[in-house]
Amino acid sequence: AQSVTQLGSHVSVSEGALVLLRCNYSSSVPPYLFWYVQYPNQGLQLLLKYTSAATLVKGINGFEAEFKKSETSFHLTKPSAHMRDAAEYFCAVSAKGGSNYKLTFGKGTLLTVNP
Amino acid sequence: EAGVAQSPRYKIIEKRQSVAFWCNPISGHATLYWYQQILGQGPKLLIQFQNNGVVDDSQLPKDRFSAERLKGVDSTLKIQPAKLEDSAVYLCASSLVDLRYSPLHFGNGTRLTVT
């Protein structure tokens, strides 16, 4: 079984400040990890993914995430927040269950960026 | 490329009525997913198709939900009869191949309100 826990349902930062969104996972097999972003009234869009290559993964819009196996974490960061980063962010884990890779999402973290 | 198309965008029905949602995936994408996103939660997989065959429907409430993907392209998701707890956004997604190697592309979703 696999699961994802996102710490903090709501994070608020000032424009230009560091963004840190936390994600911890549980998986009995080596996982694939993803971060998706959802803007209001839209579907989800892939930000970045970890697939067992480099542990530091760079994504779109200046975001990056680091896979830490010892901490079972995959936190999302961005050095300097922009107003356009305001959205909901979902961490997701995929591991093989039977013959199929299933994607399990966390509950999401709403990011607010203050001017 | 054109994105994943879903219709309708919004639907309001009374409990015990039936409703259907339609999805047109990105051309050439073999895998199609239906997710249910309840307010304040992450998306939950309802059913996954590979071409026109069902790969995973373990979380689909089969007593009231049904889905089909005729000819391996468009798909419809039906609820009959609807319950209040079915109020959610229903997201359709597609991917070219295995989600480990190609991202899920999401539609904008159908927001269902059951009164």
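Heavy-atom basis, side chains included; hydrogens, waters and symmetry copies ignored. The sequence lines fix the lettering, A, B, ..., with proteins before strands; numbering per chain opens at 1. Please read all numbers here as calculations on a predicted model, not as lab measurements.
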**Q** A:L76, A:V4: one ILVMFWY side-chain cluster at the under-4.5 Å cut-off?
**A** yes
**Q** State, to 0.1 Å, how close A:F90 and B:Q41 come at their nearest heavy-atom pair, and which atoms those are.
**A** CE2-O, 3.9 Å
**Q** With a 4.5 angstrom heavy-atom cut-off, could you sort out which part of B:Q6 is near chain A: side chain, backbone, both or neither?
**A** neither
**Q** Mind checking whether A:L103 and B:Y35 have side chains closer than 4.5 Å, heavy atoms only?
**A** yes
**Q** Check for me, please, whether A:L56 and A:Y50 land in the same ILVMFWY cluster - side-chain distances under 4.5 Å, paths through other members count.
**A** no
**Q** Starting at CG of B:D56, measure out to NZ of A:K102 and round the result to the nearest 0.5 Å.
**A** 4.0 Å
**Q** In terms of heavy-atom contacts, does CG of B:L39 have more than 12 from other residues, nucleotides or ligands at under 6.0 Å?
**A** no
**Q** Counting only heavy atoms closer than 4.5 Å, note whether B:Q50 contacts chain A via side chain, backbone, both or neither.
**A** neither
**Q** For the atom pair CZ (A:F34) and CG (B:L104), what is the distance rounded to the nearest 0.5 Å?
**A** 8.0 Å
**Q** Under a single-linkage definition using a 4.5 Å side-chain heavy-atom cutoff for Ile, Leu, Val, Met, Phe, Trp and Tyr, are A:Y39 and A:W35 assigned to the same hydrophobic cluster?
**A** yes
**Q** Which atom pair, heavy atoms only, marks the closest approach of B:P103 to A:L46?
**A** CB-CD2, 3.4 Å
**Q** Same cluster or not: are A:V37 and A:L7 linked, directly or through other Ile, Leu, Val, Met, Phe, Trp or Tyr residues, by side-chain heavy atoms under 4.5 angstrom apart?
**A** no
**Q** Does A:K69, at its NZ atom, have more than 12 non-hydrogen atoms belonging to other residues, nucleotides or ligands within less than 6.0 Å?
**A** no
**Q** To the nearest 0.5 Å, tell me how far A:Q42 CD sits from B:L91 CG.
**A** 11.5 Å
**Q** When you measure from the side chain of B:R111 to the backbone of A:N41, do you find a donor-acceptor pair of N or O atoms at a distance under 3.5 Å?
**A** no
**Q** With only heavy atoms counted, which part of B:T31 is less than 4.5 Å from chain A, the side chain, the backbone, both or neither?
**A** neither
**Q** With only heavy atoms counted, which part of A:Q38 is less than 4.5 Å from chain B, the side chain, the backbone, both or neither?
**A** side chain
**Q** Pick one of side chain, backbone, both or neither for B:I38, based on which atoms fall under 4.5 Å of a heavy atom in chain A.
**A** neither
